[in-house]
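Values reported hereafter were calculated over all heavy atoms of this structure, with side chains retained and with hydrogens, waters and symmetry mates removed. Residue numbers begin at 1 in each chain, while the letters A, B, ... track the order of the sequences.
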Amino acid sequence: MVKNKPALKLLSENGCDVKSNIVRMPSGLVEEALSKVPSSFKLYSREGKQAYTVGGDNVIYNPGSAAIFFLDGETEEMRRATAEDFRDLVRLTDALPHIHAQSTAMVPADVPEDISDLYRLYLILKNSTKPIVTGAFTIEGLIDMKNMLEAVVGGPEELAEKPRAIFDCCPSSPLMWSDVTCQNLLDCAEHGIPAEIIPAPQMGATSPVSIAGTIVEANAEFLSGLVISQLANPGSVVIYGGSPSAFDMRYLTARLGAVESVMAACASAQMGKSYGVPTHGYLGLSDSKAVDGQSSFESGMGILLAAMSGVNIVSGPGMQASENCQSLEKLVIDNEYCGTAYRLIKGITVDDTTLAAELISKVGPGGHFLAEKHTRENLRKERFMPTDVLDRLSPDAWTKAGSKDTMQRARERAKKLLKEHTPEALPKASEERLETVFKKILTRRRVTANQLPVL
Amino acid sequence: MSEEIFSELRDAVLFFDDEKARALAVKALEMGIDPVMTLEEGLAKPLREVGDRFETGEAFITELIASAQAMEAGAKVLNEEITRRGVNRKSVGKFLIGTVEGDIHSIGKNIVATMLTAAGFEVIDLGTDIPTWTFVEKVKEYEPDILGLSALMTTTMVKQKEILGALRDIGLRSKVKVIVGGAPVTEAWVKEIGADAIGFDAGSAVQVTLRLMEGS
Ligand code: B12
């Protein structure tokens, strides 16, 4: 079912069977769309200096998006997020080495609702150079956000040529495109913006309880979106996304950290790969409300399996409470898991050097490898180097250092990074253009500058 | 005689058999058993049992919803007869619910609607993405005891405030209790917008709604 008029028109003009808003697509049309969609693309940093390939088995982690709440590291209380919390999260993400992209990860409560979606993008553009995963809440929202991006990069051609941001467009499981998200998809195609089609089936509630059936349904939703985007603009970039959750039949919540959800997200991405389309998954997040064992296990499981499945865009680090909450401490901890996952997929190198047969006989029985050149030369290649967030101390040293748990160590690292890391400033010309566009948007939406928090 | 049919209806509800519930309701009417009593003893009671088992974790939502559907299938037949006879059907209360404008999240709202039906409310579900004015019109039309507003996004939550304002402007606010729900909704928000209550999940939504009814 498609609830968007322009899309319905496009579909019926191109040989689909359209009865009121129920659309059936001929398989040839789907195959044609699949033959046109790019198998990979490059996503760029803010100034266009750094390119990230989205495709193949490349993995890019970014914080999960649009959380309502923020876990306050001082009080350990879950409260509504503020603009300042979000700015901190953006700066922290900018500083963390294994989180390669930003995401509009929290919706600040101290900003007028009318602009709270695009204000997140504004804060990212001013506080980080990393590429962006985002999404709009309304039809106009996407256009405004596009205009902001264009202002920063210098114009529509530059943005289309070197995309800086991916936009999420979610079908409504089961089997439906809402007016807003479908229009977002069309607008992405028209303006050359990569669109991430993210079905979010809740297994047992809005899709079959079986993982296989859920993938069948989500696949149909993806393919319908693909056809719409390729009809609107052949060759436009589309990402095969997924945010499946195991709907909890006891507590009525969307369990994104459940093993079935992780399995479904990875399997979905494999469907995408079989079509030769870049992939995405909501992985690396937890249902736990506290940063604790459950949050670490669920997130670690998602982060590792995403890497092993070669999911290209992985949204989830930092996120908990079933997509409802972000935490600086969790993001810092997840960053270590992302580093771990990158190490995992680098695999075990087997060659003469790494097999080290000669070295083993040279050191001989009872010797040691600490002073060997081989150890010095290969240590950094072989090892993932975690920070002190991962405890590696001796029991005695740990006690003397204050017996700190992971949460405490993560809090310290988050604080330190926020204090020491200065994000690269937005170039003057870009900043001026952004401010001009942003002011126009504020005026049009009747928001005055004094309604915005002072950061 | 009626005991036997009540027990069969009970089985239909407990074993999710819509068709059987409907047929048995017809049979009960044919046998001249009081429809109000059939509704209460044969359908509502077993459904409440399933509701209780859901609360304690013995039954899952999938069973509760399927039982509620079987109950509704039978209730439809009985209610028609009850209305025809002009008897005042003893529903716990009339509940109007919908998801606010700009918001298409439906599952939470649907579950709350089902649970309230199970608890004996007459529930009218307007659907999702419902404009403020439609809520106001429907409150006028149906005169519900309680209005439930679902909003899953921080950006659409403001519509709950708008709806309360519109009800106030038109002088309907005192006629209906308003309960709000959805992930971003907090106690503080309820105070700010002047709603009557909040339902954090389907279970508490029912309890809070029942409490609101006692107060009305
Ligand atoms: C599933 C889902 C979707 C599905 C919805 C499918 C459907 N048919 O409903 C789809 C994929 C379509 C979707 C779309 C979008 N979504 Co969404 N979605 C979710 C998700 C993961 C779960 C919601 C859910 O169904 N939960 C299960 C139900 C049972 O719980 P519930 O809704 O909370 O309801 C319970 C209580 O709240 C309460 N309750 C609810 N309503 C009421 C009413 C009354 C009267 C009472 C008493 C109680 C009550 O009782 C219910 C039962 O226990 C949430 C995250 C989350 N965990 O909440 C995001 C979430 C709500 N979505 C979000 C977003 C951003 C979007 C999109 C804008 C994404 C996009 N760019 O396309 C679009 C929205 C488009 C629009 N204009 O509405 C954000 C909101 C962010 C914010 N700050 O406001 C969230 C928080 C996720 C995130 N962090 O990004 N979404």
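- Here the closest heavy-atom approach between residue A:Glu113 and residue B:Thr154 is recorded as CG-O, 3.2 Å.
- Within a 6.0 Å radius of NZ in B:Lys94, other residues, nucleotides and ligands contribute more than 12 heavy atoms.
- For chain B, the nearby part of A:Phe247 is the side chain; its heavy atoms alone come within less than 4.5 Å.
- Atom CG of A:Asp117 and atom OG1 of B:Thr155 lie 6.5 Å apart (nearest 0.5 Å).
- Per-residue counts of heavy-atom pairs under 4.5 Å with chain B were compared for A:Gln202, A:Arg250, A:Met176; the largest is that of A:Arg250.
- Ranked by non-hydrogen atom pairs under 4.5 Å with chain A, the options B:Ile111, B:Asp103, B:Asn110 are led by B:Ile111.
- Counting only heavy atoms from C-beta outward, the side chains of A:Leu252 and B:Asp201 never approach each other to under 4.5 Å.
- With a 4.5 Å cut-off on side-chain heavy atoms, A:Val107 and B:Met153 do not count as touching.
- B:Phe200 CZ: more than 12 foreign heavy atoms inside a 6.0 Å radius.
- To the nearest 0.5 angstrom, B:Ile104 atom CD1 is 10.0 Å from A:Asp179 atom CG.
- Once rounded to the nearest 0.5 Å, the distance linking CE of A:Met249 with OG1 of B:Thr62 reads 5.5 Å.
- For B:Glu63, no part sits under 4.5 Å from any heavy atom of chain A, backbone or side chain.
- The 12-atom threshold is not exceeded at NZ of B:Lys45, counting heavy atoms of other residues, nucleotides or ligands nearer than 6.0 Å.
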